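Working notes, structure below.
Here the structure is a predicted model, which means the values were calculated and not measured. Scope of the values below: all heavy atoms of this structure, side chains included, with no hydrogens, waters or symmetry mates.
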Amino acid sequence: MGFSVSVSHGHGLFSQLSSSSLHAQQLSSSSSKSTLFVGFPFTSYASTLQGKQCRSQPHLVVYSKRVSGLEEALRIRRERELQGTTKFRRRPPLRRGKVSPRLPVPDHIPKPPYLSSNILPEISSEHQIHDAEGIAQMRAACELAARVLDYAGTLVMPSVTTDQIDKAVHEMIIEAGAYPSPLGYGGFPKSVCTSVNECMCHGIPDSRQLQDGDIINIDVTVYLNGYHGDTSKTFLCGDVSGPLQRLVTVTEECMEKGIAVCKDGASLKKIGKRISEHAEKYGYGVVERFAGHGVGTVYHSEPIILHHRNESPGVMVEGQTFTIEPILTLGGIECNTWPDNWTTVTSDGGPAAQFEHTILITRTGAEILTKC
């Protein structure tokens with residue numbers, strides 16, 4: 001379960017950073033990264049040489065301009081959005097259904113501390129680095145989350161409601177002696193996030209039935225023995241169109257490429273670079289508003305993992321755990337949040353897909369903890 005990193009100030013699941021100041025830092029720190037050469041013809045021009053005017057012959061003048069990686073990425077995105085090269089059959093807009101009452105959790109199940117308030121907790125500045133015992137507990141929590149997610153995926157079919165998926169997930173987590181982490185986090189009313197079609201993330205399960213051709217991201221986090229395991233996957237419902245299938249496939253590939261650069265001492269910014277490079281090959285947008293995060297005994301902590309090109313400082317440390325959870329769109333990356341303060345959809349109504357793993361940084365690479 002990711003959190004927002006733009007628009008305005010604040011903390012918690014919807015922690016905000018000033019996009020203008022962030023871009024200014026990125027531009028100033030990356031001005032020497034790449035060079036774009038721009039050429040254009042001149043038919044003639046007048047000049048003065050030693051007091052005499054002369055006329056040049058037609059020729060080509062080539063100028064070089066320093067362009068940062070961020071500027072180049074923005075240029076590519078603008079061209080893609082203007083060209084509109086990716087065609088897909090637009091589905092009816094997502095509409096909110098009826099949200100059922102919050103499900104109960106037995107008293108004997110340990111609960112996370114944030115349930116004492118409906119206010120979003122602040123992002124912890126703590127980088128969660130674990131000893132051997134902590135790693136074992138993280139493996140157990142993440143393995144349970146992975147099993148729950150796999151089970152939830154088997155329920156995805158036309159006519160099933162997202163509320164039914166929520167109830168099934170809730171029951172499986174409770175039976176395992178764990179707590180569904182989203183339930184009550186900042187007032188979130190359900191045990192899982194279900195984000196359908198143009199919903200980028202944080203969709204609230206309701207009475208809407210899944211339709212043939214939908215895509216749905218299911219985001220599962222469990223709190224087991226004091227540790228959170230966090231994972232999500234986008235599933236296909238029935239007969240899904242080719243363009244949507246490609247979007248889902250490439251989104252998962254982007255997550256995997258981001259994970260592949262992870263190891264002790266590696267720069268965090270490499271994750272966003274690799275994800276952006278792969279997404280741009282297919283003309284997809286990489287959502288900048290939502291980020292990955294540190295996870296462990298605390299649900300959301302530093303480091304903040306940006307999935308787009310960036311110049312954020314910081315390196316990975318052996319024993320550290322965090323999520324990588326890119327969101328890709330088949331269109332623009334701007335978004336709107338519904339009045340429920342959670343459900344976030346693409347502004348242009350284009351579909352979005354997301355995948356997420358919790359990983360453990362090792363000396364030579366990264367261990368994916370949220371695998372069965």
Side-chain angles (χ1 to χ4, degrees), residues 1-3 13 112 127-130 133-156 165-166 168-170 172-173 175-183 185 191-195 201-202 216-235 248-249 251-263 271 275 290-301 303-305 307 316 318-328 353-362 365-372:
M1 191 176 191
F3 59 95
L13 179 65
H127 288 244
Q128 303 187 68
I129 301 171
H130 309 278
E133 181 180 353
I135 290 173
Q137 296 285 10
M138 280 298 295
R139 286 193 178 116
C142 289
E143 194 271 341
L144 173 60
R147 285 195 291 112
V148 173
L149 181 62
D150 278 358
Y151 170 62
T154 67
L155 305 177
V156 173
I165 294 174
D166 177 75
V169 165
H170 182 89
M172 183 174 179
I173 293 172
E175 288 175 1
Y179 184 89
S181 302
L183 186 63
Y185 184 83
S191 299
V192 67
C193 297
T194 52
S195 304
C201 58
H202 303 155
I216 174 174
N217 176 270
I218 302 177
D219 192 335
V220 172
T221 312
V222 305
Y223 183 67
L224 178 66
N225 298 325
Y227 289 78
H228 296 273
D230 192 359
T231 186
S232 85
K233 180 177 181 178
T234 298
F235 297 93
V248 171
T249 297
T251 304
E252 185 172 21
E253 292 172 353
C254 281
M255 177 190 64
E256 292 168 348
K257 288 184 179 296
I259 294 172
V261 302
C262 294
K263 66 177 181 178
I271 296 172
I275 289 172
F290 296 97
H293 53 88
V295 64
T297 56
V298 179
Y299 196 173
H300 296 96
S301 77
I304 295 172
I305 307 300
H307 303 113
M316 305 169 206
E318 184 177 4
Q320 184 177 46
T321 50
F322 55 77
T323 69
I324 296 179
E325 45 186 304
I327 304 173
L328 269 60
Q354 181 181 33
F355 282 80
E356 174 185 15
H357 272 314
T358 297
I359 65 171
L360 167 69
I361 299 302
T362 68
E367 177 185 342
I368 299 175
L369 299 180
T370 42
K371 276 188 173 181
C372 292

Distance, nearest 0.5 Å, that separates NE2 of His293 from OG1 of Thr323: 3.5 Å
Nearest-0.5 Å distance, OG1 of residue Thr321 to CD1 of residue Ile135: 8.5 Å
Asp166 side chain to Val192 backbone, donor-acceptor under 3.5 Å: yes
Atom pair OG1/NE2 of Thr297 and His130 - distance to nearest 0.5 Å: 7.0 Å
Residue pair Leu360 / Cys142, side-chain heavy-atom distance below 4.5 Å: no
Closest non-hydrogen atom pair, Ile324 against Cys262: CD1-SG, 3.8 Å
Flag, side chain of Gln354 to backbone of Glu325, donor-acceptor distance under 3.5 Å: yes
No-hydrogen, no-angle side-chain donor-acceptor test under 3.5 Å, Tyr185 and His300: yes
Least distance between heavy atoms, Leu224 atom then Ala178 atom: CD1-CB, 4.0 Å
Side chain to side chain contact (heavy atoms under 4.5 Å, CB included) between Leu149 and Phe235, intermediate numbers included: CA-CA 10 Å; Leu149 181 62; Phe235 297 93; 3.9 Å; yes
Side-chain donor-acceptor contact under 3.5 Å, Asp230 with Thr221: yes
Non-hydrogen side-chain atoms of Ile173 and Tyr179 separated by less than 4.5 Å: no
Nearest-0.5 Å distance that lies between atom OG in Ser181 and atom CE in Met1: 9.5 Å
Atom of Gly258, atom of Ile271 and distance for their closest heavy-atom approach: O-CG1, 3.9 Å
Check: His127 main-chain N/O paired with Gln320 side-chain donor or acceptor under 3.5 Å: no
Parallel, tilted or perpendicular: rings of His228 and Tyr223 (30°, 60°): tilted
Heavy-atom side-chain contact between His307 and Cys254 under 4.5 Å: no
From Phe322 atom CZ to Met316 atom CE, the distance as rounded to the nearest 0.5 Å: 5.0 Å
Shortest non-hydrogen contact between Thr231 and Glu356, atoms and distance: OG1-O, 2.9 Å
Heavy-atom pair with the smallest gap, counting every atom of Met138 and Thr358: CE-CG2, 4.0 Å
Option from Glu143, Arg147, Lys233, His357 for which side-chain hydrogen bond (donor to acceptor under 3.5 Å, both in side chains) with Thr370 holds: His357
Gap between atom OH of Tyr227 and atom CG of Leu144 - 0.5 Å precision: 16.0 Å
Considering all heavy atoms, the nearest Ala145-Val220 contact: O-CG1, 3.9 Å
Verdict with supporting geometry, Met255 and Thr251, side chain to side chain contact (heavy atoms under 4.5 Å, CB included): CA-CA 6 Å; Met255 177 190 64; Thr251 304; over 6 Å; no
